[in-house]
Structure formats: structure tokens, C-alpha cells
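Have a look at the structure below before the remarks.
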Amino acid sequence: MQRIDGKAVSLHIQQQIAFEITRRKESGLNIPHLAAILVGHDGGSETYVASKMKTCETVGMGSSLIRYPAEVSEAELIAKVRELNGLDHITGILVQMPLPKQINPHHVIMAIHPQKDVDGFHPLNTGLMMKGLPCHIPATPQGILLLLEYYKIDTEGKHCVVLGRSDIVGKPMSVLMSRSSYPGNCTVTLCHSRTKNLPEICRTADILIAAIGKPEMVTPDFVKEGAVVIDVGTTRVPDISKKSGYALKGDVAFDLVKDKCSWITPVPGGVGPMTIASLMLNTLHSASLKFESYS
Ligand code: NAP
């Protein structure tokens, strides 16, 4: 078993980004700037946004955190997004999900200019990704591609099983693993809660990517000998031994599964740090991203 160290790869990418930003500063070019909108005080969202803001600072990028109370209206939020769309120095906009129930997340995502949609959630970016054209790729799937690339893990002709069909991880992951370039060229099976014979299907995977949010559901009977296992799941489970009162659990029972795998990501320290590194990359490339045709 070889452990995939997402933290180390993320730091490596952050160093490259910092180098590029220094070069931009020295050349008098604009400095990428990420604007994050946070609604309410959800513990998980606070942590994720704080980590994104801190990474901006680490790599030398500008950042702004815009907070709203949980009762904010959809109209007010969308008005803010439109204002940020019009500010030249803002190169990336993210609205931290989930949003309170009075706000339709699709309406908010649709309001973000696709060029500044560094989460890659806007349908224009989704469509361009499907076609393999330049776009913002959602941060978590892109982070997984970067890990596969970094460790030179062979993907061509492999059977990739993706567990979970969310818009932000499972669906884009399945598209990206089936594209005709590296990392990709896989034969992909996309599974979800209605899939029958789940362990049986997963056992045929050369590459198994789990994004379901069910702590340690993937046990050895899901894993083929020698498989590559990528664990996206991050669920907070109560743990009195931790200062925070909780521990982060992946979808994979790491200790039970690891000896069957050729490569495996841990939780924490696997996919999570790569999501942030990808977001930084998208924000860096935002200004120079050329869509095929969009005005
Ligand atoms: P999500 O929106 O929570 O959806 C979960 C998906 O898993 C759905 O497609 C669901 O099927 C499927 N599913 C649920 N239970 C299942 C079961 N027993 N068997 C098979 N499929 C099942 O997914 P998400 O937003 O992608 O999040 C998934 C996990 O990844 C969560 O733990 C989340 O915290 C984590 N995550 C981590 C990162 C990171 O940076 N590390 C980023 C994003 C998400 P149906 O469609 O049929 O309901």
C-alpha cells in the first residue's frame, strides 16, 4: 500500500502558485483576488471558508470575506454577487454552500459570472467541461486529477467506479475520468443510493472514488486487490478524545482496506487539502481563462 499525501501535494501546488503571484507582482500584472460569501454561522462552513482565506494569504493572493446573517434574502445575495461580477480586481467569487432554505442555490450560482465561478458550478462551466473545452473544473474532482497526475497513477483503460452522483463531486468526476486524455480514458461506472449489488460492482474497480458521506461504508468486500482508492468523504463524527469534540471520517474504512490497495488517500490529509489547492489554481487562472465564446 502506498499512501497518497494530499497535504504535501497541496503545499507543492501552493508554492508554485505563490511563485507565479510573485512573478505577476514583479511584472506589474493584476493580483488574483478571491471574494467569498458566507451566510450564517454553520461550523463546517466557517472552518472551510477560514481555511480558504488563510490559503489565499499564504500564496499572496487577495481575499475578501463577505458575511451575511442566516436570514438574508435571495435578492440581496444575488445583488452582492452581481456587484462582485462588476469589480475588476475580483478574479474569483465563491458562495459557501449549503445556503439557508429561503435561498435557491441554483439562482445564486447562475448569477456568478462564469469567468469568476472558481468553484466551477455554473452550468456554462459544466457544459464546457463536458465538451473538454477550457473552463473552471470543480475544485474537488480537479484536486483528485492532480493527485493521480502527481503520483503518475495509470488510468488508461482502467475501470473507475465513482460512488456518489452529486453535482460537485461524483458527476463531474465520472465525466473527467472518461475523457480522452490523462488522467482519464477510464471505463466509468457511476453508482448511487439506488445501485444494486454495490460491493460487487466496486470490487471490479481498478480505481474506486468514494464520495457519499457515509463514514467507513467502504469495507474490504468493496475493494479489489491492488485497487487505487480515493476517499472524498468527510463526515464529522462525535469524538470526546478530540479538543473540537469531533473527528473527521472518510467513506472508506482506511485501516481495514489499506492493505488491499496499491494507493489510498487518508482522511484527513488526502483529497481535502487538494480541493483548496484547486480553488487557488482556478482563481489564479481566472483572469487568463479564455472561453470559446461568451460575452
Ligand atoms: P452529496 O450531495 O451528499 O450526495 C451523496 C451521494 O452519495 C448521492 O449521490 C447519494 O445517492 C450517494 N449515496 C448516499 N448513500 C449511499 C449509499 N448508501 N450507497 C450508495 N450511494 C449513496 O455528496 P457530496 O456533496 O459529493 O459529498 C459526499 C461526501 O464528500 C461528503 O462526506 C462531503 O462532506 C464530502 N466532500 C468532501 C470534499 C473535500 O474537499 N474533501 C468536497 C466535497 C464533498 P443519491 O443521489 O441516490 O441520493
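Each ligand, and each atom within it, is numbered from 1 in the order the structure gives.
By the 4.0 Å N-to-carboxylate-O rule, Glu57 lies too far from Lys54 to be salt-bridged with it. A salt bridge does not link Arg203 to Asp221: none of the charged nitrogens lies less than 4.0 Å from a carboxylate oxygen.
When hydrogens are left out, the protein atom nearest atom 29 (C) of ligand 1 is Gly213 N, 3.5 Å; that is the closest non-hydrogen contact. Looking from atom 19 (N) of ligand 1 to the surrounding protein, the closest heavy atom is Leu198 CD2, 3.6 Å. Given atom 25 (O) of ligand 1, the protein heavy atom at minimum distance is Ile168 CD1, 3.7 Å. Nearest non-hydrogen protein atom to atom 9 (O) of ligand 1 is Arg165 N, 2.8 Å. Closest to atom 24 (P) of ligand 1 among all protein heavy atoms lies Ser166 OG, 3.5 Å. Considering only non-hydrogen protein atoms, atom 39 (C) of ligand 1 sits nearest to Thr275 OG1, 3.7 Å. Given atom 42 (C) of ligand 1, the protein heavy atom at minimum distance is Thr140 OG1, 3.2 Å. In terms of protein heavy-atom proximity, atom 5 (C) of ligand 1 is closest to Ile212 O, 3.7 Å.
Of the possible polar contacts, one joining the Thr91 side chain to the His33 backbone as a donor-acceptor pair under 3.5 Å is found.
The shortest separation from a heavy atom of Leu163 to ligand 1 is not under 4.0 Å, leaving the residue out of contact. Assignment of Ala211 to the shell around ligand 1 is supported, since a heavy atom sits closer than 4.0 Å. Under the 4.0 angstrom criterion for non-hydrogen atoms, Met217 is in contact with ligand 1.
For the ring pair (Phe, Tyr, Trp, His ring centres under 6.0 Å) condition, the pairs that include at least one residue of residues 146-194, sequence neighbours left out, are His12-Tyr150, Tyr151-Trp263.
Minimum heavy-atom separation, Pro273 to Gly6: CB-O, 3.8 Å.
Among Leu248, Asp251, Val232, the residue whose heavy atom lies closest to atom 30 (O) of ligand 1 is Val232.
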>> For Met173 and Leu145: C-alpha separation, side-chain torsions, deciding distance, then whether side-chain contact (heavy atoms from CB on, under 4.5 Å) applies.
In response: CA-CA 9 Å; Met173 199 71 243; Leu145 296 182; 3.9 Å; yes
> For Asn85 and Gln115, what are the C-alpha separation, side-chain angles and deciding distance, and is it a side chain to side chain donor-acceptor pair (under 3.5 Å)?
Replying inline: CA-CA 9 Å; Asn85 283 341; Gln115 183 104 25; over 6 Å; no
> Are Leu289 and His136 close enough, and set up right, to give a side-chain contact (heavy atoms from CB on, under 4.5 Å), and what steps lead you there?
Replying inline: CA-CA 8 Å; Leu289 182 64; His136 288 303; 3.6 Å; yes
> Where do Asp206 and Cys160 land on the side-chain contact (heavy atoms from CB on, under 4.5 Å) test, with the steps shown first?
Replying inline: CA-CA 6 Å; Asp206 302 305; Cys160 175; over 6 Å; no
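For ligand 1, the polar-atom distance check finds an N/O of Ser193 within less than 3.5 Å of one of the ligand's N/O atoms.
Atoms of ligand 1 found under 4.0 Å from any heavy atom of Thr235 (numbered from 1 in listed order, with element): 32 (O).
For atom 7 (O) of ligand 1, the nearest protein heavy atom lies closer than 4.0 Å.
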